[in-house]
Number of protein chains: 2
Amino acid sequence: MESAFSTLAEPNRRAILSLLAQSERSVSEIEQRLRMPQPSVSKHLRVLRDAGFVEARVDAQRRVYRIRTEPLMEVEAWLAPFRRLWSGHVDALERHLDRMDAPTRKKGKKK
Amino acid sequence: MESAFSTLAEPNRRAILSLLAQSERSVSEIEQRLRMPQPSVSKHLRVLRDAGFVEARVDAQRRVYRIRTEPLMEVEAWLAPFRRLWSGHVDALERHLDRMDAPTRKKGKKK
DNA sequence: ACTGTATATACCACAAACGGTATATGTCTG
DNA sequence: CAGACATATACCGTTTGTGGTATATACAGT
């Protein structure tokens, strides 16, 4: 897994990060909240950790994961030069999202 | 290719977008500037177009591609909730840190 | 219509990612 | 020490993405 972007390409990993954005969580907490099998959670956390997106704290048998911001700031930095292209009409995003699939917004968009 | 993020996972595609951020370009211009084979450029442009990142204008035999901002704004929107984790705004973490070493910190924000 | 140019697509081979299952490692409790 | 619990990893099969090459489509100029 080369870059921050390819790490974020996976929907489950983005979900994990969004969850961890609220507060740190143990593996089993993530497993329950996101309803995904434990090996899958561990594997995605491994990828996220290798890419620097999360770090783990050991608490007895648990590993509590929390976000590291550096890779996210990388993404932010890559995005920065494009921001001038839309700074001015901010509501274009809302129109776009509304057009996509309003009823089933929680998962990724379909093709 | 499901999401905006998986589209951005490819380095060549990010390079194309960065190039198009400066100005619109024809396929052959992209091919020359990025030194990648023409079929590769066309294929990546196809993916970018399907994901809404670019659109093409026809100019005789040329297709001139330019950026569309909506998917980039999607990324920006996904990133937004994380920004508080590193921004200079006053949130709980920041107040906590301020309490720990108040004397050396200035109160203004960075920008 | 023929030729050169610009761009798109079809096909193939290969590598890598993902989900699922089983198993290994490690830690706590009794 | 056993046995339960928490997490990680190994293995496997399938899918998907990517680069390369060849070819198809479209337009321009003569």
Side-chain angles (χ1 to χ4, degrees), chain A residues 1-20 23-68 71 107-111, chain B residues 1-20 23-68 71 75:
Chain A
M1 195 79 43
E2 336 143 354
S3 76
F5 284 97
S6 41
T7 305
L8 293 180
E10 228 289 324
N12 295 311
R13 285 199 285 270
R14 292 200 301 278
I16 291 176
L17 285 179
S18 294
L19 185 61
L20 293 181
S23 81
E24 52 178 32
R25 309 267 185 194
S26 72
V27 176
S28 52
E29 283 172 337
I30 299 171
E31 178 191 345
Q32 290 175 342
R33 295 241 179 187
L34 301 186
R35 293 188 176 160
M36 48 190 305
Q38 177 267 316
S40 187
V41 173
S42 280
K43 279 190 283 189
H44 285 307
L45 283 172
R46 177 84 150 101
V47 176
L48 287 168
R49 181 153 34 96
D50 288 349
F53 280 94
V54 301
E55 61 188 353
R57 170 172 58 91
V58 180
D59 171 40
Q61 324 110 340
R62 312 212 168 147
R63 309 282 170 104
V64 180
Y65 282 83
R66 63 168 167 273
I67 288 209
R68 290 187 69 253
K107 292 197 75 171
K109 67 173 180 186
K110 295 213 69 170
K111 74 174 189 180
Chain B
M1 195 76 45
E2 335 140 354
S3 77
F5 284 97
S6 41
T7 305
L8 293 180
E10 227 290 323
N12 295 311
R13 285 198 286 269
R14 292 200 301 277
I16 291 176
L17 285 180
S18 294
L19 185 60
L20 293 182
S23 81
E24 51 177 34
R25 309 270 186 192
S26 71
V27 176
S28 53
E29 283 173 336
I30 299 171
E31 177 191 346
Q32 290 176 343
R33 295 239 178 189
L34 301 185
R35 292 185 179 160
M36 47 191 305
Q38 177 268 317
S40 187
V41 174
S42 280
K43 278 189 285 190
H44 284 307
L45 283 172
R46 177 83 150 103
V47 176
L48 287 168
R49 183 153 34 94
D50 288 350
F53 280 95
V54 301
E55 60 188 355
R57 168 172 60 92
V58 180
D59 171 40
Q61 325 107 340
R62 312 210 167 150
R63 309 283 170 104
V64 180
Y65 282 84
R66 64 168 166 272
I67 288 209
R68 291 186 68 253
V75 174

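So you know, we letter chains A, B, ... as the sequences are listed, proteins then strands, and number each from 1. If you're wondering where the values come from, they're calculated on a predicted model, not measured in any experiment.
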J.: Please report, rounded to the nearest Å, how far the P atom of C/dA8 is from the CZ atom of B/Arg62.
T.: 13 Å

J.: Using atom CZ of A/Arg25 as one end and atom P of D/dT7 as the other, report the distance to the nearest whole Å.
T.: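 Between P of D/dT7 and CZ of A/Arg25: 13 Å.
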
J.: Starting from P on D/dT16, measure out to CD on B/Glu10 and report it in whole angstrom.
T.: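 Whole-Å distance recorded here is 18 Å.
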
J.: Do B/Gln38 and B/Ser42 get their side chains close enough for a donor-acceptor pair, meaning under 3.5 Å?
T.: yes

J.: If you measure from CG on B/Leu45 to CD1 on B/Ile30, what distance do you get to the nearest 0.5 Å?
T.: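 Answer for the CG-CD1 pair, B/Leu45 versus B/Ile30, is 4.5 Å.
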
J.: By the 4.0 Å heavy-atom rule, please label B/Ser6 as base, sugar-phosphate, or nothing.
T.: nothing

J.: Taking the side chain as C-beta and beyond, is there a heavy-atom pair between B/Leu17 and B/Val54 under 4.5 Å?
T.: yes

J.: Do any side-chain nitrogens or oxygens of B/Ser26 fall under 4.0 Å of OP1 or OP2 in C/dA6?
T.: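 No.
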
J.: Would you check if B/Val41 and B/Leu34 make a side-chain contact, meaning some heavy-atom pair closer than 4.5 Å?
T.: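 Of all side-chain heavy-atom pairs linking B/Leu34 with B/Val41, none is under 4.5 Å.
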
J.: For the pair made of CD in A/Gln61 and C1' in D/dG3, what is the distance, rounded to whole Å?
T.: 13 Å

J.: Output the distance between atom OG (A/Ser26) and atom CD (A/Gln61), rounded to the nearest 0.5 Å.
T.: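 Separation between the atoms: 10.5 Å.
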
J.: Once you round to the nearest 0.5 Å, how far does OH of A/Tyr65 lie from CD of A/Glu29?
T.: 13.0 Å

J.: Find the distance A/Arg63:CZ to C/dT27:P and express it as a whole number of Å.
T.: 7 Å

J.: Does a side-chain N or O of B/Tyr65 approach OP1 or OP2 of C/dA8 to a distance below 4.0 Å, or not?
T.: yes

J.: In whole angstroms, how far is the P atom of D/dA6 from the CG atom of A/Asp59?
T.: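 It works out to 12 Å between those atoms.
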
J.: Please report, rounded to the nearest Å, how far the P atom of C/dA8 is from the CE atom of B/Met36.
T.: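 After rounding, the reported distance stands at 13 Å.
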
J.: Once rounded to the nearest 0.5 Å, what's the spacing between atom CG of A/Leu8 and atom OG of B/Ser3?
T.: 9.5 Å

J.: Rounded to whole angstroms, how far apart are CD on A/Glu29 and C1' on D/dT7?
T.: 14 Å

J.: For DNA chain D, determine which residues of residues 37-51 of chain A have any heavy atom closer than 4.0 angstrom to one of its atoms, and list them numerically.
T.: A/Gln38, A/Pro39, A/Ser42, A/Lys43, A/Arg46

